[in-house]
Asker: 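Below: one structure in structure tokens.
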Amino acid sequence: MTDLVAMWEVALSDGIHKIEFEHGTTSGKRVIYVDGKEIIRIDWMFKLVGKETFPVGASQTKATINIDAVSGFAYEYTLDINGKSLKKYMENRSKTTNTWVLHLDGEDCRVVLEKDTMDVWCNGRNMETAGEFVDDGTETHFSIGNHDCCIKAVSSGKRREGIIHTLIVDEREIPESTE
């Protein structure tokens with residue numbers, strides 16, 4: 001990787017993905033790596049600016065690298081996820097997901113709740129869940145190894161805050177991650 005010009009980390013439900021981009025500014029070469037695996041290679045290209053679109057993660061999320069000339073032979077590289085700038089995508093994602101990071105059986109576990117679908121992911125795996133209505137809201141039950149897990153959803157009682165999601169593992173509340 002001699003022409004590496006940009007690198008991004010993108011947090012999706014199935015994990016944090018590392019995107020690397022090589023751009024040969026004389027040959028127009030473009031190489032894209034996702035999690036260290038080469039997914040696009042164009043060795044020679046007359047047009048030095050433009051965009052490359054590719055899928056990322058288990059859900060095949062659409063990513064686009066934009067290549068723009070700034071001045072002379074200087075270039076700017078930006079990453080869009082699902083048509084939004086990475087910054088906007090991450091801001092929006094923090095409203096539509098909850099993430100918890102915990103240590104179980106000697107390994108780190110990253111649990112993500114997608115609030116719009118109520119899908120639960122753990123370390124890149126979409127978990128099998130069972131939902132139930134309870135007196136103060138809902139509970140979504142699943143297991144990580146031999147550990148009983150539950151995401152409780154209760155109303156905050158405040159319209160602007162909405163629903164509060166809490167992860168409980170082996171009857172212990174896990175604090176939410178700020179990733």
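Worth saying up front: this structure is predicted, and the values here are computed from it rather than measured. Here, residue 1 is the first one in the sequence, and each next residue gets the next number.
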Asker: Report, as yes or no, whether the 6.0 Å neighbourhood of atom CD on E132 holds more than 12 heavy atoms from other residues, nucleotides or ligands.
Answerer: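 Above 12, so yes.
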Asker: Would you call R110 and D108 a salt bridge, using N to O less than 4.0 angstrom?
Answerer: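 No.
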Asker: When you compare the side chains of H17 and E9, does any donor N or O come within less than 3.5 Å of an acceptor on the partner?
Answerer: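 No, E9 and H17 have no side-chain donor paired with an acceptor closer than 3.5 Å.
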Asker: Taking atom CH2 of W8 and atom OG1 of T78, what is their separation to the nearest 0.5 Å?
Answerer: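 That separation rounds to 7.0 Å.
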Asker: Distance check, rounded to the nearest 0.5 Å: D119 atom CG versus N126 atom CG?
Answerer: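 If I round to the nearest 0.5 Å, the distance is 4.5 Å.
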Asker: Please identify each residue that fulfils salt bridge (charged side-chain N to carboxylate O under 4.0 Å, His left out) with K18, with sequence neighbours left out.
Answerer: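 Applying salt bridge (charged side-chain N to carboxylate O under 4.0 Å, His left out) to K18 gives E20.
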Asker: So for atom CG, which belongs to D116, do other residues, nucleotides or ligands contribute more than 12 heavy atoms lying within a distance under 6.0 Å?
Answerer: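 It does: D116 CG has more than 12 such atoms within range.
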Asker: Flag yes if more than 12 heavy atoms outside R125 fall under 6.0 Å of its CZ atom; otherwise flag no.
Answerer: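 12 or below, so no.
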Asker: Identify, with sequence neighbours excluded, every residue that meets side chain to side chain donor-acceptor pair (under 3.5 Å) alongside N98.
Answerer: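 Side chain to side chain donor-acceptor pair (under 3.5 Å) list for N98, sorted by chain: K115, E176.
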Asker: What is the distance from atom CH2 of W100 to atom SG of C149, rounded to the nearest 0.5 Å?
Answerer: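 With rounding to 0.5 Å, CH2 (W100) is 11.0 Å from SG (C149).
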Asker: How far does OG of S156 sit from CD1 of I163, to the nearest 0.5 angstrom?
Answerer: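 The CD1 atom of I163 is 8.5 Å from OG of S156, to the nearest 0.5 Å.
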Asker: Only pairs at least two apart or in different chains count here, so list each salt bridge (Lys or Arg N to Asp or Glu O under 4.0 Å) that has a residue in residues 44-60.
Answerer: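 Residue pairs passing salt bridge (Lys or Arg N to Asp or Glu O under 4.0 Å), neighbours aside: R30-E52.
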Asker: Could you note down all residue pairs passing salt bridge (Lys or Arg N to Asp or Glu O under 4.0 Å) where residues 60-74 supplies at least one of them, sequence neighbours left out?
Answerer: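 Matches after skipping sequence neighbours: none remain.
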Asker: side-chain contact (heavy atoms from CB on, under 4.5 Å) with W121: which of D14, T99, T97, V111?
Answerer: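 Only match with W121 under side-chain contact (heavy atoms from CB on, under 4.5 Å): D14.
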Asker: Which residues pass the side chain to side chain donor-acceptor pair (under 3.5 Å) test with K152, sequence neighbours left out?
Answerer: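 Here the qualifying residues are E139.
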Asker: Roughly how far apart are T53 OG1 and I40 CD1, rounded to 0.5 Å?
Answerer: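 Going from the OG1 atom of T53 to the CD1 atom of I40 covers 7.5 Å.
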Asker: Take D148 and H141 through the side chain to side chain contact (heavy atoms under 4.5 Å, CB included) test and state the conclusion after the steps.
Answerer: CA-CA 8 Å; D148 292 326; H141 297 270; over 6 Å; no
Asker: Identify the heavy atoms of G24 and L48 that sit nearest to each other, and give their distance.
Answerer: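 The pair with the smallest heavy-atom distance is O-CD2, 4.1 Å.
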Asker: Quick one: ring-ring contact (aromatic ring centres under 6.0 Å, His included) partners of H23, sequence neighbours excluded?
Answerer: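 Once residues adjacent in sequence are excluded, the partners of H23 under the ring-ring contact (aromatic ring centres under 6.0 Å, His included) criterion are F21, Y75, Y77.
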Asker: Answer yes or no: are there more than 12 heavy-atom neighbours, outside E128 itself, under 6.0 Å from its atom CD?
Answerer: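 For E128, atom CD is not crowded (no more than 12 foreign heavy atoms under 6.0 Å).
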Asker: In Å, rounded to the nearest 0.5 Å, how long is the span from CG of D80 to OG1 of T64?
Answerer: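 Going from the CG atom of D80 to the OG1 atom of T64 covers 6.0 Å.
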Asker: Consider only side-chain heavy atoms of I, L, V, M, F, W and Y, link residues closer than 4.5 Å, and tell whether F142 and V169 are in one cluster.
Answerer: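 Same cluster: F142 reaches V169 through Ile, Leu, Val, Met, Phe, Trp or Tyr contacts under 4.5 Å.
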Asker: Using salt bridge (Lys or Arg N to Asp or Glu O under 4.0 Å), reason through K87 and E91 one step at a time and then give a plain yes or no.
Answerer: CA-CA 6 Å; K87 183 176 190 272; E91 285 169 2; 3.1 Å; yes
Asker: For E173 and T166, does a side-chain donor sit closer than 3.5 Å to a side-chain acceptor?
Answerer: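 E173 vs T166: no donor-acceptor pair found between side chains.
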